[in-house]
Number of protein chains: 2
Amino acid sequence: MTAYCSFGNRSHLSLHLPAFANLTEADREILDTVLNRRVRVLPPRHDIIREGDRPGHVCFILDGWAQRYKQLADGRRQILSFFVAGDLCDANVFIPCAMDHSLSTITQVQLAEVAKPDLRELAEAIPRVGEALRRTEQVAIAIQREWTTSIGQRTAYERIAHLFCEMFMRLRDGGATQGDTCDFPLTQSDIADATGLTQVHVNRTIQEMRRDGLIELRNRQLTMHDLDRLMAVALFNPHYLHLDPAESQHQPV
Amino acid sequence: MTAYCSFGNRSHLSLHLPAFANLTEADREILDTVLNRRVRVLPPRHDIIREGDRPGHVCFILDGWAQRYKQLADGRRQILSFFVAGDLCDANVFIPCAMDHSLSTITQVQLAEVAKPDLRELAEAIPRVGEALRRTEQVAIAIQREWTTSIGQRTAYERIAHLFCEMFMRLRDGGATQGDTCDFPLTQSDIADATGLTQVHVNRTIQEMRRDGLIELRNRQLTMHDLDRLMAVALFNPHYLHLDPAESQHQPV
DNA sequence: CGGCGAGTTGAGAGCAATCAAACCTAGTGG
DNA sequence: CCACTAGGTTTGATTGCTCTCAACTCGCCG
């Protein structure tokens, strides 16, 4: 089920991580080396880490989509976040403790496993790497807060619109969009589990969104016909994603 | 509105922080000194930090209840977490960036403001303090995930029951319970904003919970008549709180 | 006494869930 | 080449949990 391999053509992976934008060439090469040490390819819908595990490594998503989810005792499932290329799953490098949730792939995923001690060393040796890790983690937390807000306060229509906006912005930031289109491999059931809705209601809501001329979603391809209007109806404020690389300087609130 | 003072009778504050349980006496005294450097008392329902701010310090709650919340453009409000004595608000010591949410008091709050550089130094000088900070932060994130799950998957009854369980366990861990009773200063509107329900529905749901003999909530006092049963109906799994001090060793899953 | 915050109650409406079935498409195997 | 299957999407009918709006109670305080 699992393949280990090394990809010569994936040099400068870290170039794709906006968080690492201001590393030197030399630093970037060290980082790439560490990331290439152990690369795996996992099939779709496959567990990466299960609740209760105590993984000794963290995972960088190199390609594909993955998810973090939590299951209640009676089977109800909540997706807590999605991971795409460039994302770090669980940057908790310092505190070893049992996972209180699970990670699994959505599509086929290519990921780099980095031993926690290695990453810790790296973070200490290259301060900018440590900073990048912490920033990545802060963004993940901010996203989690926004999801709580979304599920707690937004309507079904707004929630789904918000999810579309967030994923599109994140993908665009990682250079994974083509114009107003991007890959979007989630099923309507996935969207339902992420937004706290039922699959049937997600279906009807997306149809409505299509009729409103906001988006198109077919064959795992999402097209944003009117991003501005979608952001408006979603009450989407991109601030929480901290995408602006120069954010430390100015702040548009 | 704000009073600065020093409390001689609050020595060994850090004793109350389970996270700091395994510090030496000497370390604890240093920590106490830092925490006592700048102590404020804020009135109820008062902003501590507003969205957009770039605070140069973090806040330790010494006494009282506070909350983290987020407001949508149209005024809808989601409470993201509650803070009680011993909690650290926003342990983001390393990455300076604008707040994407706000903090405010619920009751009168006594808090210690610690300059981020000071805390950073302290964390580097005393490894255990750094570890405690990271652990505290990890718990906060785990709670956030659980809240997302709660709002997304649990019914109104289960959500409120879950909140009661969580706060009771956290308070008990901090030594702030008396038997099966604890202070519980949240109004029904607060509970509504935290659970994504309306105040009216919270009212009816709590009445039902009372009729079921599970809890009593009067005069800001919460009594758990049957904690086990409440945990069961809430599908409450305390694991995510990482309260077990020896958790690093064994794991009951 | 008046006003305010918090809690309670009632009636009605609506958003989203549930249950069930049909459809569609791609992949499989005979 | 075509049934057959499975996963995903769509549709319809119905139910119900939760919201909305509104009024009323109670205790407290200036």
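Convention: sequence-line order gives letters A, B, ...; per-chain numbering from 1. Quick note: numbers below take in every heavy atom, side chains included, and nothing from hydrogens, waters or symmetry partners.
Looking at residues two or more places apart in sequence or on another chain, you find a side-chain hydrogen bond (donor to acceptor under 3.5 Å, both in side chains) between B:Asp190 and B:Arg45, B:Thr187.
Test B:Phe168, B:Phe164, B:Phe82 against B:Phe184 for ring-ring contact (aromatic ring centres under 6.0 Å, His included) and you get one pass: B:Phe164. Just one residue in the list B:Gln199, B:Gln78, B:Arg76, B:Arg77 forms a side-chain hydrogen bond (donor to acceptor under 3.5 Å, both in side chains) with B:Asp193, and that residue is B:Arg77.
For A:Asn203, counting side-chain heavy atoms from C-beta on, the closest listed nucleotide (C:dA16, D:dC19, D:dT9) is D:dT9.
Side-chain polar atoms of A:His225 and A:Glu216 form a donor-acceptor pair below 3.5 angstrom. Side-chain N/O atoms of A:Thr148 and B:Gln144 include a donor and acceptor closer than 3.5 Å.
Remark: side-chain polar atoms of B:Thr181 are not paired, donor with acceptor, to backbone N or O of B:Thr177 under 3.5 angstrom. Proximity of a side-chain donor or acceptor of B:Glu158 to a complementary backbone N or O of B:Thr155 within less than 3.5 Å is detected.
For the pair A:Val39/A:Leu111, no side-chain contact is recorded, criterion being any heavy-atom separation below 4.5 Å from C-beta on.
Counting any heavy atom pair closer than 4.0 Å across all strands shown, B:Thr187 reaches sugar-phosphate atoms only and no base atom.
Between A:Thr195 and A:Arg159, the shortest heavy-atom contact is O-NH1, 2.7 Å.
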Side-chain donor-acceptor contacts of residues 57-71 of chain A below 3.5 Å, not counting sequence neighbours, with atom names and distances?
residue, atom, partner, partner atom, Å
A:Gln67, NE2, A:Ser104, OG, 3.1
A:Arg68, NE, A:Ser81, OG, 3.1
A:Arg68, NH1, A:His101, NE2, 2.8
A:Tyr69, OH, A:Asp47, OD1, 3.3
A:Lys70, NZ, B:Glu146, OE1, 2.6
A:Gln71, NE2, A:Gly75, O, 3.2

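Across the protein-nucleic acid pair, A:Arg76 atom CZ and C:dA17 atom P stand 13 Å apart, rounded to whole Å. Rounded to an integer number of Å, the gap from CD1 of A:Ile191 to P of D:dG8 is 12 Å. Between B:Ile106 atom CD1 and C:dA6 atom C1' there is a gap of 15 Å when expressed in whole angstrom units. Atom CG of A:Asp190 is separated from atom P of D:dG7 by 14 Å (rounded to the nearest Å).
The stretch residues 205-215 of chain B comes close to DNA chain C through B:Gln207, B:Arg210, each having a heavy atom under 4.0 Å from the strand. Against DNA chain D, the stretch residues 148-166 of chain A makes no heavy-atom approach under 4.0 Å. Within residues 217-225 of chain B, the residues that place at least one heavy atom under 4.0 Å from DNA chain C are, in residue-number order, B:Arg220.
No salt bridge links B:Arg229 with B:Asp212; every basic N to acidic carboxylate O contact stays at or beyond 4.0 Å. Under the 4.0 Å criterion applied to side-chain N and carboxylate O atoms, A:Arg220 and A:Asp183 are not assigned as salt-bridge partners. In summary, B:Arg204 and B:Glu208 do not engage in a salt bridge, as defined by a charged side-chain N under 4.0 Å from a carboxylate O.
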**Report entry** Contact pattern, 5' to 3', of nucleotides 21-30 of chain D - B, S or - by protein heavy atom under 4.0 Å
**Finding:** BB--------
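Taking side-chain N and O atoms only, B:Gln188 has no distance below 4.0 Å to OP1 or OP2 of C:dG5.
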